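As structure tokens, the structure follows; a few thoughts come after it.
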Protein chains: 2
Amino acid sequence: MKKTSLNDIAKTLNVSKALVSFVLNGQGDKKGIKAETQRKVLEKAKELNYKPNQIARGLRLGTSNTIGLIVADISNKFYAKIAKQVEVVAGRNNYNLIFCSSDENEEKEIELIDMLRERLVDGIIISTTQKDTKVFSRLNKEKYPYVLIDRRLSRLPANYVGVDNYAGAYEATEHLIRNKYQKIGLLKISPEGLSTIREREQGYRDALKNNGLRVNSKLIRTISFADIRQSVAEVLRELIEPPYKIDALFSVNNNITVACMEFLNGMNIRIPHDIAVVSFDDIDLFRFSFPTITAVAQPVEQIGAMAVNILLNEINGLNGEGKKQVILPVEFIRRRSAAIFSDQRENNFEINSNTE
Amino acid sequence: MKKTSLNDIAKTLNVSKALVSFVLNGQGDKKGIKAETQRKVLEKAKELNYKPNQIARGLRLGTSNTIGLIVADISNKFYAKIAKQVEVVAGRNNYNLIFCSSDENEEKEIELIDMLRERLVDGIIISTTQKDTKVFSRLNKEKYPYVLIDRRLSRLPANYVGVDNYAGAYEATEHLIRNKYQKIGLLKISPEGLSTIREREQGYRDALKNNGLRVNSKLIRTISFADIRQSVAEVLRELIEPPYKIDALFSVNNNITVACMEFLNGMNIRIPHDIAVVSFDDIDLFRFSFPTITAVAQPVEQIGAMAVNILLNEINGLNGEGKKQVILPVEFIRRRSAAIFSDQRENNFEINSNTE
DNA sequence: TTAGAATCGTTAAACGTTTAAAAAATCAGG
DNA sequence: CCTGATTTTTTAAACGTTTAACGATTCTAA
């Protein structure tokens with residue numbers, strides 16, 4: 001049973017499909033279609049359960065009222081939450097959302113961009129894993145609307161919504177230092193060169209320097225995205241032994257932190273007594289894991305909402321010239337994983353306080 | 001700058017677009033196009049960075065090489081993992097994936113189905129929140145390919161991939177009973193009537209009965225999906241007090257469990273000493289939360305992969321008549337949240353054993 | 001030379017919309 | 001009942017593909 005088309009309605013009513021189209025698009029009055037005729041069309045459309053074929057519509061109009069979202073890893077809670085928010089805000093503006101996950105794969109990401117464009121998606125929100133500006137330069141040239149989230153590329157003029165990674169990392173690291181930790185490991189993640197990670201690393205480095213500690217590059221390690229769990233285990237096994245013997249750990253995202261927790265708990269290493277942990281990304285479970293985790297929280301909802309707004313404005317030509325760059329503040333949330341000795345800011349903690 | 005079309009290539013080479021189409025679709029030899037000509041076409045296509053317009057293609061062919069996935073809640077790890085797997089398997093078969101989240105909203109789900117169909121998606125995988133078979137009956141009538149995952153509708157002939165919810169719940173509940181817990185609360189989730197939840201509740205009820213315990217319907221509560229955290233807090237606040245005073249809790253999904261953990265930890269209620277907890281859905285953090293959580297694990301990857309396979313077969317007419325129904329086994333994973341007194345199966349636990 | 005085959009290529013319609021432009025129908029006034 | 005004006009509706013092209021059907025040109029063999 002085929003779906004009913006404009007033509008079907010037109011034929012059964014003995015009118016032209018143009019007329020039907022006008023009526024169904026609410027242009028009936030403007031085009032001076034008789035009220036009676038309009039009524040009949042509407043009625044028949046309902047009766048036949050007419051649904052416009054968006055493909056045909058898109059082909060004709062060159063637009064689809066749909067935006068695309070490409071995240072680096074949909075199974076990461078951080079992105080999942082952004083996706084949810086993006087969908088909500090897009091829906092509120094009568095835009096549909098198509099979303100995809102690049103799984104941190106540069107090639108796949110390019111294919112996804114092509115795929116979305118081939119489907120006449122009106123614009124894209126993307127947390128890119130590209131190292132090169134090539135793909136986006138082309139989009140710029142073609143004036144295709146997009147906004148980067150989370151990650152950006154230097155020397156690329158582009159709309160961007162992200163957070164102050166540097167400040168977050170700086171504060172997190174300094175927090176460890178204030179609490180007397182000295183040998184602080186940094187766990188980064190592959191692929192190499194992501195802006196977020198670079199910014200966070202810089203925050204970490206500067207915090208050390210400004211507090212009179214030496215940066216030991218041996219303590220800075222990269223975890224493989226492909227197998228976080230195993231990679232973390234390997235790296236930590238080394239870092240907890242001499243000559244490194246770290247006493248604290250700054251993890252650059254929630255997935256790494258989770259893997260760390262599992263490894264350290266498994267080895268009977270006490271947090272924060274033996275090793276302190278602070279994490280970028282705050283996720284639900286950090287509030288009641290063992291121990292609760294001190295973390296840098298990103299304003300996930302805001303990131304999603306702002307990205308959509310900027311994109312829709314761009315699509316509708318309301319952004320004027322020039323790209324929007326939004327850096328949102330992060331929030332540093334103190335819990336129990338990063339302080340044996342409670343300083344004045346910590347000493348109001350209770351064993352099971354609820355942090356929100 | 002417009003994207004290049006078939007016509008652009010045809011014009012610059014002074015050939016017909018039909019020819020270009022043939023060559024680009026690998027039909028050049030079959031249609032007897034001169035090798036020389038083919039070469040030129042291919043070359044020019046590359047030079048102009050030609051990408052077929054899938055919208056136009058879809059309009060002509062009535063198919064899009066894309067499948068849709070609608071999950072009930074993308075921010076739930078369970079669904080996020082399924083989504084990832086579905087994308088991988090679909091990609092392996094040269095199908096694109098569009099995915100959406102209905103947020104447990106019946107109306108929105110219907111809109112999403114329409115949206116996907118309007119975009120000529122070739123088939124849909126869906127964890128439905130419909131109470132009514134109407135929507136799917138229509139799809140059946142129109143012979144539109146779809147497969148239900150996770151949740152199903154009684155009296156609806158449909159492809160389905162799910163797990164043995166009954167057995168999982170039964171085993172989980174019986175485990176609690178064997179460990180001497182007597183007043184076992186059951187936390188369900190709204191919306192009411194989901195097959196998964198019904199089956200799990202039945203498992204719980206039968207386990208109690210078959211072990212000589214009375215089912216107390218006052219201990220069976222429904223958590224509101226819209227605000228799990230608060231809803232759990234309200235419910236538990238009541239259940240831990242007289243006259244109920246539960247000593248164990250069976251939670252019907254991972255999100256509820258997470259909320260329970262947070263609440264109980266916050267109230268300084270010890271798990272499993274004061275209250276034991278078992279959960280449906282196993283997620284990473286249950287391995288190192290405090291305490292680690294005993295849970296019923298679903299074969300997430302398998303669910304996703306099988307659903308895709310069944311759908312693609314259906315799309316390509318390889319399924320024959322009749323619908324496929326796949327019920328996969330679950331795995332019960334014992335950890336520390338459900339046993340004060342270690343029985344013989346439990347006593348080989350160590351404080352921080354790694355459960356995988 | 002010429003019929004027929006082989007080789008290489010084109011035409012035109014179709015998919016379901018939208019929309020500018022043209023056309024038909026109706027009406028009002030003389 | 002004719003003339004414009006007004007109201008209502010239709011025509012036809014366009015979006016970018018695919019594909020059945022047809023058309024040219026060249027070659028082969030008698």
Side-chain angles (χ1 to χ4, degrees), chain A residues 2-42 44-45 48-66 114-115 117-122, chain B residues 1-42 44-45 48-66 114 117-122:
Chain A
K2 270 193 45 197
K3 291 194 63 176
T4 60
S5 75
L6 260 195
N7 218 355
D8 298 334
I9 300 184
K11 270 193 199 138
T12 59
L13 290 178
N14 264 320
V15 295
S16 69
K17 41 186 185 168
L19 186 151
V20 178
S21 171
F22 291 144
V23 173
L24 261 23
N25 287 312
Q27 311 225 17
D29 290 341
K30 204 172 90 190
K31 296 286 178 178
I33 311 291
K34 232 194 313 185
E36 165 72 3
T37 317
Q38 294 200 39
R39 222 208 61 242
K40 280 198 288 188
V41 170
L42 260 5
K44 190 54 91 180
L48 298 182
N49 188 34
Y50 172 73
K51 294 276 162 53
N53 179 327
Q54 298 294 344
I55 291 279
R57 196 153 191 279
L59 180 57
R60 170 64 220 240
L61 296 180
T63 137
S64 61
N65 254 260
T66 304
D114 282 342
M115 187 278 266
R117 295 199 60 195
E118 284 159 11
R119 272 159 227 286
L120 290 187
V121 154
D122 297 339
Chain B
M1 199 164 74
K2 273 195 44 198
K3 291 193 63 176
T4 59
S5 74
L6 259 197
N7 217 355
D8 298 334
I9 300 183
K11 270 193 198 140
T12 60
L13 290 179
N14 265 320
V15 295
S16 69
K17 40 185 184 170
L19 185 151
V20 179
S21 171
F22 292 145
V23 172
L24 262 23
N25 287 313
Q27 312 225 16
D29 290 342
K30 203 171 90 191
K31 297 287 178 176
I33 310 292
K34 229 194 316 185
E36 165 72 2
T37 316
Q38 296 200 37
R39 222 208 61 243
K40 280 199 287 190
V41 170
L42 261 5
K44 191 53 93 179
L48 298 182
N49 189 34
Y50 171 74
K51 295 275 162 53
N53 179 327
Q54 298 294 343
I55 290 279
R57 195 153 192 279
L59 180 60
R60 172 64 220 239
L61 295 180
T63 135
S64 61
N65 255 259
T66 304
D114 282 341
R117 293 199 60 196
E118 284 159 11
R119 282 177 174 47
L120 290 186
V121 154
D122 297 340

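Throughout, a chain's letter reflects where its sequence line sits, starting with A, and its residues are numbered from 1. Here the structure is a predicted model, which means the values were calculated and not measured.
Mapping B:Q27 and B:A56 onto DNA chain D by nearest heavy atom places B:A56 at the nucleotide closer to the 5' end.
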Going 5' to 3' along nucleotides 4-14 of chain D, which nucleotides have protein heavy atoms under 4.0 Å from the base (write B), which only from the sugar-phosphate (write S), and which from neither (write -)?
----BBBB-BB
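Distance NZ (A:K30) to P (C:dA20): 8 Å, rounded to an integer number of Å. The nearest whole Å value for the distance from the CG atom in B:L13 to the P atom in C:dT10 is 11 Å. What separates CG of B:D29 from P of C:dT7 is a distance of 12 Å, to the nearest Å. Here C:dC15 presents its C1' atom at 13 Å from CG of B:N53, a figure rounded to the nearest Å. For the pair B:K3 NZ and D:dC15 C1', the computed distance is 14 Å after rounding to whole Å. Rounded to an integer number of Å, the gap from B:L61 CG to D:dT19 P is 5 Å. Atoms CG (B:N7) and C1' (C:dT11) sit 13 Å apart, rounded to a whole Å. Nucleotide C:dT17 holds its C1' atom 8 Å from the CG atom of A:L59, rounded to whole Å.
In the model, B:D29 has a side-chain atom that pairs as donor or acceptor with a side-chain atom of B:Q38 under 3.5 Å.
Heavy atoms of A:S21 sit under 4.0 angstrom from at least one base atom.
For the atom pair OG (B:S5) and NZ (B:K17), the distance works out to 8.0 Å, reported to the nearest 0.5 Å.
A search for salt bridge (charged side-chain N to carboxylate O under 4.0 Å, His left out) contacts involving B:K31 returns nothing, not counting sequence neighbours. By the salt bridge (charged side-chain N to carboxylate O under 4.0 Å, His left out) test, A:K34 is found to be paired with no residue, residues two or more places apart in sequence or in another chain being considered.
Between B:L24 and B:L6 there is a side-chain heavy-atom pair separated by less than 4.5 Å. Side chains of A:E118 and B:R57 form no contact here, defined as non-hydrogen atoms less than 4.5 Å apart.
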